[in-house]
Every structure is written in structure tokens, then in C-alpha cells.
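These notes concern the structure reproduced below.
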Amino acid sequence: MAQIPKSQIDNQQIIQMRSVSKFFGTFQALNEVSIDVSLGERVVVCGPSGSGKSTLIRCINQLEVHNSGTITIDGHQLDGKKNSLQVIHDNVGMVFQQFNLFPHLTVLENLTLGPVRSRNLSKSQATELAMQYLERVRIPEQAEKYPTQLSGGQQQRVAIARSLCMEPKIMLFDEPTSALDPEMINEVLDVMVELAESGMTMICVTHEMGFARRVADTMVFMDHGEIVELSETKKFFEAPDSKRCQEFLQQILPH
Amino acid sequence: MTRILLICSAALLLTACSGDWGWYVVDPTNPKGLINLKFMISGLKYTVLLSVTAIVISIVIGLLVALPGLSTNKWLRGFNRVYVELVRAVPILVMILWVYYGLPQLLGITITVFWAGVIALALSDSAFEAEIFRAGIQSIDKGQYEASHTVALGYMDTMRFIILPQAIKRILPALGNQLVYMLKMSSLVSVIGMQELTRKANELVVTEYRPLEIYTVLLLEYLLLILVVSAGVRWLERRWETDSLNK
């Protein structure tokens, strides 16, 4: 794998993926995927299940280690070593479909653990930071509760706040509303819209096309581990190039 | 538990009247019986000390053996398998004899009866603790590791703050079982001369020739001890349960 010379890296391109492939056994989850994301860009990734959407973003924060190709974040190429972990920890936050809050810790402890242990913040600094982000996701009054005492929508907002407490440059969302009851989807999307408007670099895997239209700069459609369509949002919805993408949109957009 | 105690004491009183029993050897109302009874109960200290020290050590060893078993490295996993299979295959009595008589020769050291007992019990039990920890840790959802990764926690912090606190709650009943098991198995350490409950009873039998009464008291001593421990473990479980729900 050739190192990309520093000079060639556009400072604005915070994520560069080049011909990234990922195999699970013999199953190819990603097939030579390339994509660039600039600082502040909002990307929404959609596609049928099993198309590699989740694998794509999981490779960006190395929850899955890619088998070939290169991923560069903020100018640092990820090579599976300790240094690349540091790069991810400094830059990338992630929100999961199943929230993955720590059930044995209070909401506040969920938020402060990372900052205290890995960013060397004092307990009081971390608490202040945590309350600030709980304020932002509009549930400061739940700070002392345990995750199981909250609704799904509240839990997901806590999960978003927990990631924000690490003050990442990039936020990854892996179907953040798919596990939620319908009436709770909007409270989570509202928080995400606000985050997008604040200039956060975001990559969201979601089927919420209303949200996508509203915030996305770039739309990506994936199928069988490949990026089939990658275009600016307006074009994506009005005149996508690929037939497969047109069909997919017809299936999921409300009549 | 109070009910069981009542039944036991009632049985004790009833049988005291029978001609075939010789309860006088442990009858607290006569001076000789009281001395004998005190002598028997004096073993309690070592039974408890031995078991508790051994279980603490075996939990530590168990954890240190369990963690490599969960690694992706096949050599580390191999170490875990070999340790568990080997240690599990040795009978506790054999382990006690080997540690007390064999180990000092092997290493050229002297070892007290107490520490020989502790080491033997702890080693024997550590293989089971390792399996319990492995199962407990494996039962934690992998999303917890992923979330831990996203808040930049390393392996040690992830284990310490995220995985083990949750795993230990789940395996507490199994750990309680092991403590009960340990209390019972500590009776085997009497063979190398440890002055615990069983040894005291044995010595008294030799001087008093009343095995029926003395071993009956011994049996009740273990029963009582273990009922107390079980109640303690259940109380702890309940407290942790309510802790995480109603704080």
C-alpha cells in the first residue's frame, strides 16, 4: 500500500477511501469502494440490506478492518496499528442502531467515562461538558437515570451526546432510527438535523429520505458492496443515473 | 432459614432423650460437653479463612486465565485450554497432597499447612472460575465493545469499566456456588493437618469415641455456614438488581 504524499492531500478532504475492499470469509461486503468526504460535508448512504452500507462506515472507524485499499482520515492513513486507533479516537464518533449505551452506568457516567479516561479531563470538566451536550439533545433532566429507564428515542439521544462528548470532527450514524418506535424517530432526527446545521461532518446510513433531502449534501446508493450512485442530493432524487437506484427510490419513497 | 434451624434444634433435643445417642459429649450444659463443643467450633475460623483466601486467589487466577481464552490469538487461547483441562483433571485431594508434600521438594521451599491448603484449593478452583468468567464475559453484547471503542477506551479500561462490571453481576450466582463448593472442599485440607472444622471433629472422635454425635454436629456446622453464605449471596444479588433499576 503506497503512502499518499502529504502534499497531495487536500486539507478539506477529511476522509479519503480508495478502492477499499472488505471480505467476511468468502463474502465480499465491500468491492473496491472509493469516496471522498470533505470537512463539513453531510453524506447520506442508502441501499438495500446487505449492500455494504454499515460495513462502509464501520471500516471508517476500524470496527471492521478493511482487507485492501486505503482509508485516510485527516491525512493519516489507517493501517490497523495503534497510531491509526489514535487517529480514529481523535476524529470519529459513532452512533449505533441499537444505541449500545452502557446499561450499568447512569446517563451522566455514560457521557463522562470517555472524556475522563481517554481525554484526561477532570471529573468536573467532563460533567460540565456532558451537561452541555445533554442540554443540546434536550434531556439534561435525565442525567442521573439509567439507560433502561429511558425511552428508545431518549436513549439514542444520549448515545449521540456520548459521542459528541469526545468532540469528534466526523460523526458516523449507522441506521440510528431503525430500532425506534415511529413516534420517537423525529426527536432523534431533529437532533441530527441540528447537528448537521452546526457544520459537523456526518455520514449517515439511513432510510429516512425526508431527513436525507433536508440535510444531505451528497447521496450515496450502494448495492452488492459497490457504490452504484454518488451524486449531489437534488440530482440524486430527481434524476439518478443508475437504473438500480431509480428502482430503489421508487420502492422506498412514499407514494 | 430460621425454620430449618428450629427443626434442627428440635431434632437435637428429641434425640438427646434416646438411649442410643450420647449427646453428653457435645452437650453445652455440662462442662466437658461445653469444652468439646468449643473445641469443635474453634475450627470455624480456619475453615472460613482458608476458603475465603482461596476463593479470592482463585478468582484472580481465574480471571487471568479467562482473558487469554477470549483473545483472537490462538496461542493465548491454547494456554487457556491447556490450563483449564489440566487443572480440572486433578482431584482436589491429590492437589492438596501434591502441593503440601511435592511442591516444597520441587522448589526447595517450606510451606505451611495453611498456605498449602490455600494454594491447592485456589488452583483447583481457578479452572472453574476461568470457565465461569469466560462464559460471563462472552455473554456481554459485542455492541458494548464497539461503543467502548467509539469513546476511545483501550482494552484494560473496556474490561475494567464496561465488560467486567456487567459480567460479574451475571456470574454472581455461579461465584456464590463456587464459594459454597470451596467451603465444603476445605474439609479435605484436614488430611494434611489443617486445624479446621473437620480436623477438630476427627481429633475429638479419636479421644471421645462418639463419631455419630460429633460428625452430626460437624455436619450441622457446615450446613449452617453454607446457609449463611447462600443467604449473603442472594442478598447481594438482590441489592445489585435494585441498584441498577431504581437508583
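Proteins get letters first, then strands, A, B, ... in listed order; numbering begins at 1 in each.
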Legend entry - Gln144(B) (side chain) donor-acceptor with Leu101(A) (main chain) under 3.5 angstrom: yes
Inset, instruction - Please say whether more than 12 non-hydrogen atoms of neighbouring residues, nucleotides or ligands are located less than 6.0 Å from CD in Glu128(A). - result: no
Inset, instruction - Enumerate the residue pairs fulfilling ring pair (Phe, Tyr, Trp, His ring centres under 6.0 Å) with a member in residues 136-177 of chain B, sequence neighbours excluded, ordered by first and then second residue. - result: His89(A)-His149(B)
Inset, instruction - Please say whether more than 12 non-hydrogen atoms of neighbouring residues, nucleotides or ligands are located less than 6.0 Å from OH in Tyr83(B). - result: yes
Legend entry - Neighbours of chain B found in residues 110-121 of chain A - heavy atoms under 4.5 Å: Leu113(A), Gly114(A), Arg117(A), Ser118(A)
Legend entry - Any residue of residues 152-160 of chain A which, by heavy atoms, sits under 4.5 Å from chain B: none
Legend entry - Selection from Leu153(B), Asp141(B), Val151(B) maximising heavy-atom pairs under 4.5 Å formed with chain A: Val151(B)
Legend entry - Side-chain heavy atoms of Arg58(A) within contact of Glu146(B), under 4.5 Å: yes
Inset, instruction - Heavy-atom distances under 4.5 Å only: say whether Met166(A) touches chain B with side chain, backbone, both or neither. - result: side chain
Inset, instruction - Quick one: pull up OG1 in Thr158(B) and CZ in Phe102(A) and give me the separation to the nearest 0.5 Å. - result: 7.5 Å
Inset, instruction - Any chance you could measure Thr150(B), atom OG1, to Asn100(A), atom CG, to the nearest 0.5 Å? - result: 8.0 Å
Legend entry - Residues in residues 198-205 of chain A near chain B [non-hydrogen atoms, under 4.5 Å]: none
